[in-house]
Number of protein chains: 2
Amino acid sequence: MARRSDHTRDELRGLVINTSIDIIQTDGFQALTARKIAGIIGYSPGTIYNLFPSMDALCLIINGMTIDALNETLNDPACNKVGASPADNMKAMARQYLDFAAQNKERWMMLFAYKLPEGEDVPVWFQEKVAALFAPLERILTPLYKNDAKACKLAARTLWASVHGICFVEQTGKMPIVIGSSSGEAMTSTLIDNFVAGI
Amino acid sequence: MARRSDHTRDELRGLVINTSIDIIQTDGFQALTARKIAGIIGYSPGTIYNLFPSMDALCLIINGMTIDALNETLNDPACNKVGASPADNMKAMARQYLDFAAQNKERWMMLFAYKLPEGEDVPVWFQEKVAALFAPLERILTPLYKNDAKACKLAARTLWASVHGICFVEQTGKMPIVIGSSSGEAMTSTLIDNFVAGI
DNA sequence: CAATAAATTGAACGCTGTTCAATTATTAGT
DNA sequence: ACTAATAATTGAACAGCGTTCAATTTATTG
(Lines give C-alpha, C1' and ligand atoms only; values in the text may rest on other atoms or scores of the structure.)
Protein backbone atom coordinates (compact mmCIF):
# COMPACT_ATOMS: atom_id res chain seq x y z
CA MET A 1 0.00 0.00 0.00
CA ALA A 2 1.32 3.37 -1.00
CA ARG A 3 1.90 5.51 2.05
CA ARG A 4 -0.08 8.68 2.05
CA SER A 5 2.97 10.75 2.96
CA ASP A 6 4.76 9.76 -0.25
CA HIS A 7 3.19 12.71 -1.99
CA THR A 8 1.02 15.64 -1.13
CA ARG A 9 -2.41 15.70 -2.66
CA ASP A 10 -1.33 18.20 -5.27
CA GLU A 11 1.82 16.29 -6.09
CA LEU A 12 -0.27 13.21 -6.62
CA ARG A 13 -2.66 15.10 -8.84
CA GLY A 14 0.25 16.30 -10.92
CA LEU A 15 1.63 12.78 -11.06
CA VAL A 16 -1.66 11.47 -12.39
CA ILE A 17 -1.91 14.22 -14.99
CA ASN A 18 1.66 13.82 -16.22
CA THR A 19 1.32 10.06 -16.38
CA SER A 20 -1.92 10.48 -18.29
CA ILE A 21 -0.30 12.76 -20.84
CA ASP A 22 2.47 10.21 -21.30
CA ILE A 23 -0.03 7.44 -21.93
CA ILE A 24 -2.00 9.60 -24.34
CA GLN A 25 1.04 10.66 -26.34
CA THR A 26 2.40 7.12 -26.46
CA ASP A 27 -0.67 4.99 -27.07
CA GLY A 28 -3.42 7.45 -27.89
CA PHE A 29 -6.11 8.83 -25.65
CA GLN A 30 -8.18 5.68 -26.05
CA ALA A 31 -5.52 3.87 -24.03
CA LEU A 32 -6.04 6.12 -21.03
CA THR A 33 -7.65 4.11 -18.23
CA ALA A 34 -7.81 4.59 -14.50
CA ARG A 35 -6.26 1.20 -13.86
CA LYS A 36 -3.34 1.93 -16.17
CA ILE A 37 -2.57 5.26 -14.56
CA ALA A 38 -2.83 3.70 -11.10
CA GLY A 39 -0.54 0.85 -12.06
CA ILE A 40 2.16 3.19 -13.35
CA ILE A 41 2.18 5.52 -10.37
CA GLY A 42 1.96 2.63 -7.91
CA TYR A 43 -1.49 3.30 -6.51
CA SER A 44 -4.82 1.59 -6.87
CA PRO A 45 -7.64 2.67 -9.21
CA GLY A 46 -9.66 3.96 -6.28
CA THR A 47 -7.07 6.60 -5.54
CA ILE A 48 -7.67 8.23 -8.93
CA TYR A 49 -11.23 8.81 -7.79
CA ASN A 50 -10.07 10.38 -4.60
CA LEU A 51 -8.14 12.93 -6.65
CA PHE A 52 -10.54 13.49 -9.51
CA PRO A 53 -14.32 13.17 -9.57
CA SER A 54 -14.25 11.07 -12.74
CA MET A 55 -12.13 10.11 -15.71
CA ASP A 56 -14.12 12.62 -17.73
CA ALA A 57 -13.09 15.38 -15.36
CA LEU A 58 -9.48 14.32 -15.65
CA CYS A 59 -9.70 14.37 -19.43
CA LEU A 60 -11.20 17.82 -19.32
CA ILE A 61 -8.35 19.09 -17.18
CA ILE A 62 -5.81 17.58 -19.55
CA ASN A 63 -7.60 19.17 -22.50
CA GLY A 64 -7.47 22.50 -20.71
CA MET A 65 -3.73 22.12 -20.27
CA THR A 66 -3.34 21.27 -23.94
CA ILE A 67 -5.18 24.45 -24.87
CA ASP A 68 -2.96 26.41 -22.51
CA ALA A 69 0.13 24.98 -24.17
CA LEU A 70 -1.25 25.74 -27.61
CA ASN A 71 -2.13 29.25 -26.53
CA GLU A 72 1.42 29.74 -25.37
CA THR A 73 2.85 28.88 -28.78
CA LEU A 74 0.43 31.33 -30.44
CA ASN A 75 1.79 34.07 -28.21
CA ASP A 76 5.36 33.18 -29.13
CA PRO A 77 7.45 36.12 -30.39
CA ALA A 78 8.11 34.13 -33.58
CA CYS A 79 4.61 34.95 -34.79
CA ASN A 80 4.18 38.33 -33.16
CA LYS A 81 7.07 40.31 -34.64
CA VAL A 82 6.59 44.05 -34.48
CA GLY A 83 8.36 44.71 -37.78
CA ALA A 84 6.75 41.93 -39.79
CA SER A 85 3.65 42.28 -41.96
CA PRO A 86 0.34 40.91 -40.66
CA ALA A 87 0.42 38.25 -43.37
CA ASP A 88 3.88 37.07 -42.33
CA ASN A 89 2.93 36.97 -38.68
CA MET A 90 -0.21 35.07 -39.51
CA LYS A 91 1.70 32.55 -41.58
CA ALA A 92 4.14 32.10 -38.73
CA MET A 93 1.24 31.65 -36.34
CA ALA A 94 -0.37 29.07 -38.59
CA ARG A 95 2.95 27.29 -38.71
CA GLN A 96 3.10 27.34 -34.93
CA TYR A 97 -0.31 25.73 -34.82
CA LEU A 98 0.60 23.07 -37.38
CA ASP A 99 3.82 22.31 -35.55
CA PHE A 100 2.12 22.05 -32.20
CA ALA A 101 -0.44 19.64 -33.58
CA ALA A 102 2.28 17.56 -35.22
CA GLN A 103 4.40 17.41 -32.11
CA ASN A 104 1.51 16.77 -29.76
CA LYS A 105 -0.67 14.83 -32.12
CA GLU A 106 -2.53 12.54 -29.74
CA ARG A 107 -2.99 15.24 -27.14
CA TRP A 108 -4.27 17.59 -29.81
CA MET A 109 -6.55 14.97 -31.34
CA MET A 110 -8.04 14.28 -27.96
CA LEU A 111 -9.08 17.91 -27.81
CA PHE A 112 -11.56 17.30 -30.61
CA ALA A 113 -12.28 13.60 -30.57
CA TYR A 114 -13.23 13.55 -26.93
CA LYS A 115 -16.86 14.14 -26.20
CA LEU A 116 -18.47 14.71 -22.87
CA PRO A 117 -21.19 12.22 -22.02
CA GLU A 118 -24.86 13.00 -22.52
CA GLY A 119 -26.10 15.84 -20.35
CA GLU A 120 -22.74 17.09 -19.12
CA ASP A 121 -21.78 20.37 -20.70
CA VAL A 122 -18.48 22.16 -21.04
CA PRO A 123 -17.67 24.18 -17.92
CA VAL A 124 -17.09 27.92 -18.16
CA TRP A 125 -13.40 27.80 -17.27
CA PHE A 126 -12.88 25.56 -20.27
CA GLN A 127 -14.85 27.80 -22.59
CA GLU A 128 -12.75 30.73 -21.45
CA LYS A 129 -9.57 28.92 -22.34
CA VAL A 130 -10.93 28.29 -25.82
CA ALA A 131 -12.03 31.88 -26.22
CA ALA A 132 -8.53 33.07 -25.31
CA LEU A 133 -7.15 31.27 -28.35
CA PHE A 134 -8.54 33.88 -30.72
CA ALA A 135 -6.85 36.87 -29.12
CA PRO A 136 -3.40 36.52 -30.72
CA LEU A 137 -4.80 36.33 -34.25
CA GLU A 138 -7.17 39.19 -33.56
CA ARG A 139 -4.24 41.29 -32.41
CA ILE A 140 -2.42 40.68 -35.69
CA LEU A 141 -5.49 41.49 -37.76
CA THR A 142 -6.32 44.75 -35.97
CA PRO A 143 -4.20 47.02 -38.21
CA LEU A 144 -6.00 45.61 -41.27
CA TYR A 145 -9.41 46.50 -39.86
CA LYS A 146 -8.69 49.91 -38.38
CA ASN A 147 -12.26 51.11 -38.18
CA ASP A 148 -14.23 47.92 -37.94
CA ALA A 149 -13.71 45.91 -34.78
CA LYS A 150 -16.66 43.71 -35.65
CA ALA A 151 -15.25 42.74 -39.02
CA CYS A 152 -11.91 42.14 -37.35
CA LYS A 153 -13.42 39.68 -34.91
CA LEU A 154 -15.23 37.91 -37.72
CA ALA A 155 -12.07 37.69 -39.79
CA ALA A 156 -10.05 36.40 -36.84
CA ARG A 157 -12.54 33.65 -36.14
CA THR A 158 -12.85 32.80 -39.80
CA LEU A 159 -9.12 32.49 -40.26
CA TRP A 160 -8.63 30.63 -37.03
CA ALA A 161 -11.29 28.08 -37.86
CA SER A 162 -9.88 27.73 -41.36
CA VAL A 163 -6.37 27.06 -40.15
CA HIS A 164 -7.78 24.59 -37.70
CA GLY A 165 -9.59 22.82 -40.53
CA ILE A 166 -6.41 22.64 -42.57
CA CYS A 167 -4.54 21.29 -39.59
CA PHE A 168 -7.24 18.77 -38.87
CA VAL A 169 -7.34 17.50 -42.42
CA GLU A 170 -3.58 17.23 -42.50
CA GLN A 171 -3.26 15.46 -39.16
CA THR A 172 -5.98 12.95 -39.74
CA GLY A 173 -4.34 12.19 -43.06
CA LYS A 174 -7.68 11.99 -44.73
CA MET A 175 -6.55 14.10 -47.63
CA PRO A 176 -4.74 12.60 -50.59
CA ILE A 177 -1.25 14.05 -50.78
CA VAL A 178 -1.14 15.75 -54.11
CA ILE A 179 0.34 19.01 -52.99
CA GLY A 180 3.70 17.87 -51.77
CA SER A 181 5.40 17.05 -48.55
CA SER A 182 4.25 20.00 -46.48
CA SER A 183 0.70 20.42 -47.68
CA GLY A 184 -0.39 22.02 -44.43
CA GLU A 185 1.92 24.94 -44.85
CA ALA A 186 1.09 25.25 -48.55
CA MET A 187 -2.58 25.48 -47.70
CA THR A 188 -2.23 27.98 -44.86
CA SER A 189 -0.03 30.16 -47.11
CA THR A 190 -2.59 30.03 -49.88
CA LEU A 191 -5.34 30.80 -47.42
CA ILE A 192 -3.61 33.75 -45.81
CA ASP A 193 -2.26 35.25 -49.02
CA ASN A 194 -5.62 35.17 -50.72
CA PHE A 195 -7.54 36.29 -47.67
CA VAL A 196 -5.31 39.26 -46.93
CA ALA A 197 -5.24 40.29 -50.57
CA GLY A 198 -9.01 40.21 -50.58
CA ILE A 199 -9.50 42.47 -47.57
CA MET B 1 -34.69 -17.37 -31.58
CA ALA B 2 -35.01 -15.28 -34.68
CA ARG B 3 -35.59 -17.45 -37.71
CA ARG B 4 -32.92 -17.13 -40.30
CA SER B 5 -35.50 -16.81 -43.08
CA ASP B 6 -36.89 -13.61 -41.57
CA HIS B 7 -34.34 -11.62 -43.56
CA THR B 8 -31.71 -12.27 -46.14
CA ARG B 9 -28.16 -11.65 -45.08
CA ASP B 10 -28.11 -8.33 -46.92
CA GLU B 11 -31.44 -7.25 -45.49
CA LEU B 12 -30.13 -8.00 -42.05
CA ARG B 13 -26.98 -6.01 -42.70
CA GLY B 14 -29.11 -3.10 -43.82
CA LEU B 15 -31.26 -3.47 -40.74
CA VAL B 16 -28.22 -3.30 -38.48
CA ILE B 17 -26.86 -0.27 -40.30
CA ASN B 18 -30.14 1.65 -40.26
CA THR B 19 -30.71 0.84 -36.62
CA SER B 20 -27.19 1.97 -35.83
CA ILE B 21 -27.72 5.29 -37.58
CA ASP B 22 -30.92 5.77 -35.58
CA ILE B 23 -29.10 5.12 -32.32
CA ILE B 24 -26.26 7.45 -33.30
CA GLN B 25 -28.54 10.29 -34.32
CA THR B 26 -30.69 9.90 -31.22
CA ASP B 27 -28.18 9.26 -28.45
CA GLY B 28 -24.80 9.96 -30.02
CA PHE B 29 -22.29 7.53 -31.43
CA GLN B 30 -21.02 6.69 -27.96
CA ALA B 31 -24.35 4.99 -27.32
CA LEU B 32 -23.85 2.56 -30.18
CA THR B 33 -23.31 -0.93 -28.77
CA ALA B 34 -23.69 -4.38 -30.24
CA ARG B 35 -26.13 -5.43 -27.53
CA LYS B 36 -28.31 -2.37 -28.13
CA ILE B 37 -28.50 -2.95 -31.87
CA ALA B 38 -29.23 -6.63 -31.34
CA GLY B 39 -31.96 -5.87 -28.82
CA ILE B 40 -33.72 -3.47 -31.17
CA ILE B 41 -33.71 -5.72 -34.22
CA GLY B 42 -34.62 -8.78 -32.16
CA TYR B 43 -31.42 -10.73 -32.53
CA SER B 44 -28.59 -11.59 -30.18
CA PRO B 45 -25.23 -9.78 -29.98
CA GLY B 46 -23.47 -12.71 -31.63
CA THR B 47 -25.44 -12.17 -34.84
CA ILE B 48 -23.88 -8.73 -35.27
CA TYR B 49 -20.55 -10.48 -35.45
CA ASN B 50 -21.82 -12.87 -38.07
CA LEU B 51 -22.70 -9.88 -40.24
CA PHE B 52 -19.76 -7.60 -39.51
CA PRO B 53 -16.22 -8.51 -38.46
CA SER B 54 -16.26 -6.02 -35.61
CA MET B 55 -17.99 -2.93 -34.27
CA ASP B 56 -15.12 -0.91 -35.71
CA ALA B 57 -15.84 -2.26 -39.18
CA LEU B 58 -19.50 -1.39 -38.77
CA CYS B 59 -18.61 2.15 -37.70
CA LEU B 60 -16.35 2.49 -40.72
CA ILE B 61 -19.15 1.42 -43.06
CA ILE B 62 -21.51 3.90 -41.44
CA ASN B 63 -18.91 6.64 -41.78
CA GLY B 64 -18.54 5.74 -45.43
CA MET B 65 -22.28 6.12 -45.91
CA THR B 66 -22.21 9.48 -44.16
CA ILE B 67 -19.52 10.66 -46.55
CA ASP B 68 -21.58 9.42 -49.47
CA ALA B 69 -24.58 11.36 -48.24
CA LEU B 70 -22.47 14.46 -47.74
CA ASN B 71 -20.99 14.06 -51.19
CA GLU B 72 -24.46 13.90 -52.64
CA THR B 73 -25.42 17.26 -51.15
CA LEU B 74 -22.24 18.81 -52.54
CA ASN B 75 -23.28 17.68 -56.01
CA ASP B 76 -26.73 19.16 -55.57
CA PRO B 77 -27.79 21.53 -58.38
CA ALA B 78 -28.30 24.24 -55.74
CA CYS B 79 -24.56 24.75 -55.54
CA ASN B 80 -23.66 23.88 -59.10
CA LYS B 81 -25.66 26.40 -61.10
CA VAL B 82 -24.34 27.01 -64.59
CA GLY B 83 -25.23 30.69 -64.62
CA ALA B 84 -23.99 31.55 -61.15
CA SER B 85 -20.58 32.95 -60.30
CA PRO B 86 -17.98 30.64 -58.77
CA ALA B 87 -18.21 32.59 -55.51
CA ASP B 88 -21.97 32.17 -55.33
CA ASN B 89 -21.76 28.48 -56.08
CA MET B 90 -19.07 28.08 -53.44
CA LYS B 91 -21.13 29.90 -50.86
CA ALA B 92 -24.08 27.69 -51.68
CA MET B 93 -21.86 24.65 -51.37
CA ALA B 94 -20.54 25.78 -48.01
CA ARG B 95 -24.10 26.27 -46.92
CA GLN B 96 -24.93 22.76 -48.04
CA TYR B 97 -22.10 21.48 -45.92
CA LEU B 98 -23.14 23.50 -42.87
CA ASP B 99 -26.73 22.37 -43.26
CA PHE B 100 -25.75 18.75 -43.63
CA ALA B 101 -23.66 18.88 -40.49
CA ALA B 102 -26.44 20.60 -38.58
CA GLN B 103 -29.09 18.12 -39.69
CA ASN B 104 -26.92 15.06 -39.21
CA LYS B 105 -24.87 16.31 -36.30
CA GLU B 106 -24.10 13.09 -34.47
CA ARG B 107 -23.45 11.16 -37.64
CA TRP B 108 -21.19 13.93 -38.88
CA MET B 109 -19.37 14.24 -35.55
CA MET B 110 -18.71 10.53 -35.55
CA LEU B 111 -16.86 11.00 -38.82
CA PHE B 112 -14.16 12.91 -36.99
CA ALA B 113 -14.39 11.82 -33.40
CA TYR B 114 -14.17 8.17 -34.17
CA LYS B 115 -10.68 6.76 -34.30
CA LEU B 116 -9.58 3.37 -35.45
CA PRO B 117 -7.74 1.36 -32.81
CA GLU B 118 -3.97 1.14 -32.73
CA GLY B 119 -2.47 -0.55 -35.77
CA GLU B 120 -5.59 -0.58 -37.92
CA ASP B 121 -5.42 1.86 -40.77
CA VAL B 122 -8.07 3.39 -42.98
CA PRO B 123 -8.92 1.10 -45.90
CA VAL B 124 -8.52 2.31 -49.48
CA TRP B 125 -12.24 2.32 -50.29
CA PHE B 126 -12.74 4.77 -47.45
CA GLN B 127 -9.89 7.01 -48.56
CA GLU B 128 -11.41 7.09 -52.04
CA LYS B 129 -14.73 8.26 -50.66
CA VAL B 130 -12.95 11.09 -48.85
CA ALA B 131 -10.97 12.02 -51.94
CA ALA B 132 -14.19 12.24 -53.94
CA LEU B 133 -15.40 15.03 -51.65
CA PHE B 134 -13.02 17.53 -53.22
CA ALA B 135 -14.21 17.10 -56.80
CA PRO B 136 -17.30 19.37 -56.65
CA LEU B 137 -15.35 22.30 -55.24
CA GLU B 138 -12.54 21.75 -57.71
CA ARG B 139 -15.04 21.85 -60.54
CA ILE B 140 -16.31 25.24 -59.40
CA LEU B 141 -12.83 26.63 -59.01
CA THR B 142 -11.58 25.49 -62.42
CA PRO B 143 -12.64 28.63 -64.36
CA LEU B 144 -10.71 30.77 -61.84
CA TYR B 145 -7.51 28.80 -62.43
CA LYS B 146 -7.64 28.37 -66.18
CA ASN B 147 -3.99 27.58 -66.74
CA ASP B 148 -2.92 26.16 -63.42
CA ALA B 149 -4.47 22.86 -62.50
CA LYS B 150 -2.04 22.45 -59.64
CA ALA B 151 -2.98 25.77 -58.05
CA CYS B 152 -6.63 24.85 -58.55
CA LYS B 153 -6.22 21.62 -56.62
CA LEU B 154 -4.40 23.42 -53.85
CA ALA B 155 -7.09 26.09 -53.65
CA ALA B 156 -9.87 23.51 -53.62
CA ARG B 157 -8.27 21.61 -50.78
CA THR B 158 -7.51 24.78 -48.89
CA LEU B 159 -11.05 26.06 -49.15
CA TRP B 160 -12.55 22.70 -48.38
CA ALA B 161 -10.47 22.26 -45.26
CA SER B 162 -11.27 25.82 -44.21
CA VAL B 163 -15.00 25.37 -44.57
CA HIS B 164 -14.71 22.15 -42.65
CA GLY B 165 -12.89 23.96 -39.87
CA ILE B 166 -15.59 26.61 -39.73
CA CYS B 167 -18.25 23.94 -39.62
CA PHE B 168 -16.42 22.05 -36.95
CA VAL B 169 -15.98 25.06 -34.75
CA GLU B 170 -19.62 25.98 -35.15
CA GLN B 171 -20.96 22.49 -34.48
CA THR B 172 -18.85 21.82 -31.45
CA GLY B 173 -19.98 25.17 -30.12
CA LYS B 174 -16.55 25.87 -28.79
CA MET B 175 -16.58 29.35 -30.19
CA PRO B 176 -18.12 32.24 -28.28
CA ILE B 177 -21.06 33.57 -30.23
CA VAL B 178 -20.11 37.15 -30.92
CA ILE B 179 -20.96 37.18 -34.59
CA GLY B 180 -24.65 36.58 -34.43
CA SER B 181 -27.07 33.76 -34.91
CA SER B 182 -25.69 32.27 -38.10
CA SER B 183 -21.96 32.64 -37.52
CA GLY B 184 -21.13 29.67 -39.74
CA GLU B 185 -22.57 31.30 -42.79
CA ALA B 186 -21.01 34.66 -41.92
CA MET B 187 -17.61 33.01 -41.69
CA THR B 188 -17.87 31.02 -44.90
CA SER B 189 -19.02 34.13 -46.73
CA THR B 190 -16.11 36.12 -45.38
CA LEU B 191 -13.74 33.32 -46.29
CA ILE B 192 -14.99 32.88 -49.83
CA ASP B 193 -15.33 36.58 -50.61
CA ASN B 194 -11.83 37.37 -49.44
CA PHE B 195 -10.30 34.28 -50.98
CA VAL B 196 -11.85 34.79 -54.41
CA ALA B 197 -11.00 38.49 -54.41
CA GLY B 198 -7.41 37.57 -53.65
CA ILE B 199 -6.97 35.12 -56.51
C1' DC C 1 -1.76 7.23 24.23
C1' DA C 2 -6.54 7.51 22.35
C1' DA C 3 -9.57 9.48 19.14
C1' DT C 4 -10.36 11.54 14.97
C1' DA C 5 -9.63 12.33 10.22
C1' DA C 6 -7.83 11.31 5.86
C1' DA C 7 -5.89 8.32 2.36
C1' DT C 8 -5.72 3.91 0.23
C1' DT C 9 -7.33 -0.34 -1.12
C1' DG C 10 -9.59 -4.04 -3.66
C1' DA C 11 -13.68 -6.43 -4.32
C1' DA C 12 -17.92 -5.77 -6.57
C1' DC C 13 -21.46 -3.94 -10.10
C1' DG C 14 -22.92 -3.24 -14.56
C1' DC C 15 -21.32 -2.15 -18.70
C1' DT C 16 -18.39 -2.98 -23.07
C1' DG C 17 -16.39 -5.78 -27.46
C1' DT C 18 -15.53 -10.20 -28.70
C1' DT C 19 -15.24 -15.41 -29.03
C1' DC C 20 -17.07 -19.83 -29.64
C1' DA C 21 -19.19 -24.34 -28.63
C1' DA C 22 -23.81 -25.74 -28.79
C1' DT C 23 -28.21 -25.42 -30.76
C1' DT C 24 -31.46 -24.68 -34.35
C1' DA C 25 -33.04 -23.82 -39.15
C1' DT C 26 -32.39 -24.43 -43.93
C1' DT C 27 -30.70 -26.53 -48.05
C1' DA C 28 -28.76 -30.32 -51.02
C1' DG C 29 -28.32 -34.98 -52.18
C1' DT C 30 -30.02 -39.37 -52.54
C1' DA D 1 -39.15 -38.40 -47.57
C1' DC D 2 -35.15 -38.82 -45.09
C1' DT D 3 -30.49 -37.84 -44.23
C1' DA D 4 -26.28 -35.21 -44.38
C1' DA D 5 -24.12 -31.02 -44.82
C1' DT D 6 -24.30 -26.15 -44.26
C1' DA D 7 -25.40 -21.93 -42.42
C1' DA D 8 -27.49 -18.92 -38.93
C1' DT D 9 -28.37 -17.96 -34.23
C1' DT D 10 -27.65 -18.07 -29.58
C1' DG D 11 -25.97 -17.10 -24.95
C1' DA D 12 -22.55 -18.03 -21.74
C1' DA D 13 -17.96 -16.72 -20.93
C1' DC D 14 -13.66 -13.66 -20.84
C1' DA D 15 -11.12 -9.66 -20.18
C1' DG D 16 -11.44 -5.10 -19.86
C1' DC D 17 -13.76 -0.63 -18.72
C1' DG D 18 -15.59 3.38 -15.22
C1' DT D 19 -17.21 3.69 -10.87
C1' DT D 20 -18.64 2.86 -5.90
C1' DC D 21 -17.83 1.92 -1.25
C1' DA D 22 -16.99 -0.65 3.09
C1' DA D 23 -12.91 -1.94 5.20
C1' DT D 24 -8.26 -1.07 6.22
C1' DT D 25 -4.18 1.55 6.94
C1' DT D 26 -1.82 5.78 7.94
C1' DA D 27 -1.30 10.35 9.86
C1' DT D 28 -2.75 14.00 12.83
C1' DT D 29 -4.72 16.01 16.71
C1' DG D 30 -6.29 16.45 21.66
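Quick note on labels: first sequence line is chain A, next is B, and so on, each numbered from 1.
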Side chain of B/Y49 only, please: which of C/dT18, D/dA8, C/dT8 is the nearest?
C/dT18
Cationic tip of B/R107 above B/F29 ring, under 6.0 Å, 45° of axis
no
Kindly point out which of D/dT19, D/dA8, C/dT18 is positioned nearest to the side chain of B/S54?
C/dT18
In terms of relative ring orientation, are A/F168 and B/H164 parallel, tilted or perpendicular, with 30° and 60° separating the classes?
tilted
What is the distance from CZ of A/F29 to P of D/dG18, rounded to the nearest Å?
13 Å
Nearest-Å distance for atom pair OH/C1', residues A/Y43 and C/dA6
13 Å
Got a donor-acceptor pair under 3.5 Å from the side chain of A/R35 to the base of D/dG18?
yes
What is the distance, rounded to the nearest whole Å, between atom CG of B/L32 and atom C1' of C/dC15?
15 Å
First locate atom CD of A/E106, then atom CD1 of A/I24, and finally report the distance between them rounded to the nearest 0.5 Å.
9.0 Å
With the side chain defined as heavy atoms from C-beta on, A/M55 is closest, among C/dT9, D/dT19, D/dT9, to D/dT19
Could you tell me how far apart A/Q30 (CD) and C/dG17 (C1') are, to the nearest whole angstrom?
13 Å
D/dT19 P sits how many Å from A/L58 CG, rounded?
10 Å
Whole-Å distance between C/dT9 C1' and A/I48 CD1?
12 Å
Closest to the side chain of A/R4, out of C/dT19, D/dT19, C/dA5, is C/dA5
A/F52 CZ to D/dT20 P: how many Å, rounded?
15 Å
Which one, C/dT9, D/dT10, D/dA8, comes nearest to the side chain of A/T47?
C/dT9
For B/K36 and for A/N50, locate the closest nucleotide of DNA chain C by heavy-atom distance; then report the residue assigned to the nucleotide nearer the 5' terminus.
A/N50
Check every strand shown and say whether A/L12 touches a base, only sugar-phosphate, or nothing at a heavy-atom separation below 4.0 Å.
sugar-phosphate
Under 3.5 Å, side-chain donor or acceptor atoms of residues 32-40 of chain A against the rest of the protein: list the pairs with distances, not counting sequence neighbours.
| unit_1 | atom_1 | unit_2 | atom_2 | d |
| --- | --- | --- | --- | --- |
| A/T33 | OG1 | A/K36 | N | 3.1 |

Under 4.0 Å between a Lys/Arg side-chain N and an Asp/Glu carboxylate O for A/K81 and A/D88?
no
What integer distance in Å separates A/R13:CZ from C/dT8:P?
12 Å
Whichever of A/T33 and A/G46 has its nearest DNA chain D nucleotide further upstream toward 5'
A/T33
